[in-house]
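To find a chain, count down the sequence lines: A is the first, B the second, and so on, and within it residues start at 1.
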Protein chains: 2
Amino acid sequence: MMRTRPLKVALLGCGVVGSEVARIMTTHADDLTARIGAPVELAGVAVRRPSKVREGIDPALVTTDATALVKRGDIDVVVEVIGGIEPARTLITTAFEHGASVVSANKALIAQDGAALHAAAEQHGRDLYYEAAVAGAIPLIRPLRESLAGDKVNRVLGIVNGTTNFILDKMDSTGAGYQEALDEATALGYAEADPTADVEGFDAAAKAAILAGIAFHTRVRLDDVYREGMTEVTGADFASAKRMGCTIKLLAICERAADGGSVTARVHPAMIPLSHPLASVREAYNAVFVEAEAAGQLMFYGPGAGGAPTASAVLGDLVAVCRNKLGEATGPGDSAYTQLPVSPMGEVVTRYHISLDVADKPGVLAQVATVFAEHGVSIDTVRQTVKDGEASLVVVTHRAPDAALSGTVEALRNLDTVRGVASIMRVEGE
Amino acid sequence: MMRTRPLKVALLGCGVVGSEVARIMTTHADDLTARIGAPVELAGVAVRRPSKVREGIDPALVTTDATALVKRGDIDVVVEVIGGIEPARTLITTAFEHGASVVSANKALIAQDGAALHAAAEQHGRDLYYEAAVAGAIPLIRPLRESLAGDKVNRVLGIVNGTTNFILDKMDSTGAGYQEALDEATALGYAEADPTADVEGFDAAAKAAILAGIAFHTRVRLDDVYREGMTEVTGADFASAKRMGCTIKLLAICERAADGGSVTARVHPAMIPLSHPLASVREAYNAVFVEAEAAGQLMFYGPGAGGAPTASAVLGDLVAVCRNKLGEATGPGDSAYTQLPVSPMGEVVTRYHISLDVADKPGVLAQVATVFAEHGVSIDTVRQTVKDGEASLVVVTHRAPDAALSGTVEALRNLDTVRGVASIMRVEGE
């Protein structure tokens, strides 16, 4: 069954991930050949800085003209690890037009333009794979798209950003503040110089859009994902979480509504019980919980980023795409047939943990409780404390629509006896 | 792309799993049609007791003649959930000969005859899928075979039997003895009337053989798997484990030797640190840790058995096999190209935790330590206790070949001052 003409691979980008992909393609060439059924050959590497020395890569393969590389016509698979929207999008589209399949690690692009790119792949009878775009080395897209293809996924709950998990884990375990924990993450290379994409939840939101679309066989755009960052999380929040037997994680949550007629996708910090398997995910690890009707509760855990882990996912896709090419087949593509609408955040049903600074006088609790009742939000527990003349109320609600909960908080802010809303956090995973 | 002629599925066996497969095929027919690209039709159900009422299954489809069903010639996919070696093996082979692909949940058969069955599938250009054979609903075979196809797996460490995990978890959390915990497992339906296959490790050994073969791209026969059951584990063992910061799990361990030239596969109870993610796998849940060169440490967690979870895995395979059939392709088949030999248990490098009942007199420790030294086994810690005139020694070794460790234990048994070897347990996952 072995054929000798090699499959030709064009690598777009040769940074942390790309160089690792090239290294493994060289050092493990025999294994890849055996697993694919034909040799794979690195046919070209498009980079921005051609003068940089790249160990193990033949300088003759290096080019700055990525467009010419994907237009060559003899390329079987394009591996795109540039990131960002352009020029990646145009290069991928051009690759399909010139007969190549594509393996990408580009979460931002797939989240924004996945539908159009899948359509282009299908039009040209080619594959578009992107396991590396979500949760690095953790097999997640293939299990959702293929292993659970006969099941009905109802919920995906995940820690899909390693940087923020590292920061929150440090804050939890050492009592460090946000800035101190961020500085440590930066020093260790877990956070970028500009950490906005991570700490403000943009990275996780892109992954949530991709996961929700695949899990529910519908279309979830980046704009459909509700997003809150984790820069406001404080030591006091962790103390409150501990009193509830919880910790705090930045979660991506994709849910099918109880009536099955719509879905939601959101990213925000949340308290989760210490007994939940996601609570013990430490450092920069990622983990994703999947609840399916027949399968029950599944969890996938592993390194969510880094050169080698991401390259592992890219190469798994590369092997699959090459096998498809040899078999003149394509793998499972886009599946959005359910056309389930995405509901806004206000319709998400969740619980709030609210800390209020209040006046230390009688009747405050009654006033506050009345506001909750007026908004149809049922209170689970209330804790009142007075310390150094400062009174505070911590209210944990039962499940209610997010709109009712945020309406309650707005009304509380307008009470004379409420001096301030110290923190609001959702409680998940129960 | 939708075609209207349905793909025909023959179901062999209609017990806990089979009835759930039939139910989901009916209730989720529209989803399966959309995901496959064609309708799937239950074309026949082979059972042993045709008189039994099977809700939701048209009695006209029920037959006792499984052979005639797989020979019909119009069957696209045979789903085998009978279990056991025969008649399942002959039926699967016959199915291939008559043009059908096969989805099986039969770990015993795949572990014993996987190579021959894969060869038969390949000869006839058909698929053989069996995600449900290992760890129920947990996607494991597809991630190993496909997601990690570009990586090098070095180790698989798993809890792959729910019955024994339930028993050990009960013993650990409630202090129950083995028999008491087994009785509870039986009462709750987690253990069968004859629990031998589970508690003696036969079930886990079959899964270890399958996992090791796939992970290392070699052939691992059932006889190659070292196997020890967990019926001898006592409360005293759990107490010893706790003192070491460990718990006890029945583990399936597949390892590539340090020199890469061979592999090992084994099933036995072992102490693992409480900090290891496998330590917190409770009740009848399964979890498998995979260590790969590029990906790092991954874990897959979920329900390892049960009708609905196993059916979820079967249906995921069914969708994949049907898609392949429509695309006139086959999925990734057998991969045993490395031909790595399987080393015997004696060559496994591990650690022992040994409890000895000894004479309460001077010089015993020196004698015991000499025996270890003579066998080239280095001691990590020793703890001596005297209680009610009974002296005991607990020795924990450094890593050494299992043959040297078991040779040491044999020699200790022959010492006059050693009254008995109370327990021996391996220590893993560090």
Contact class of A/F300 relative to chain B, heavy atoms under 4.5 angstrom: both
Non-hydrogen atoms of B/G150 and A/L32 that approach each other most closely: CA-CD2, 3.9 Å
Selection from A/G302, A/A313, A/G136, A/A295 maximising heavy-atom pairs under 4.5 Å formed with chain B: A/A295
Chain A contacts, top residue of B/P332, B/A292, B/S280, B/A287 (heavy-atom pairs, under 4.5 Å): B/P332
Distance-minimising heavy-atom pair for A/A149 and B/V319: CB-CG1, 3.6 Å
When A/P303, A/P143, A/G296 are compared by non-hydrogen pairs under 4.5 Å with chain B, the top option: A/P303
Options A/D31, A/D30, A/I24, A/N324, ranked by heavy-atom pairs under 4.5 Å with chain B, top entry: A/D31
A/L148 CG to B/R142 CZ distance, which is reported to the nearest 0.5 Å: 9.0 Å
Minimum heavy-atom distance A/L298-B/P139, with the two atoms named: CD1-CD, 4.0 Å
Point-to-point distance, once rounded to the nearest 0.5 Å, from CG of A/L140 to OG of B/S147: 9.5 Å
Structural part of A/E20 lying under 4.5 Å from a heavy atom of chain B: neither
Interatomic spacing from CZ in A/R35 to CG in B/D151 - rounded to 0.5 Å: 8.0 Å
Interatomic spacing from CD in B/E146 to OH in A/Y129 - rounded to 0.5 Å: 7.5 Å
Closest non-hydrogen atom pair, A/R323 against B/R145: NH1-O, 3.9 Å
Close side-chain approach of A/E328 and B/E328, heavy atoms under 4.5 Å: no
Heavy-atom pairs under 4.5 Å with chain B, option from A/H217, A/E131, A/H28 with the top count: A/H217
Leading residue by heavy atom contact count with chain A [cutoff under 4.5 Å; candidates B/A137, B/G316, B/A294]: B/A294
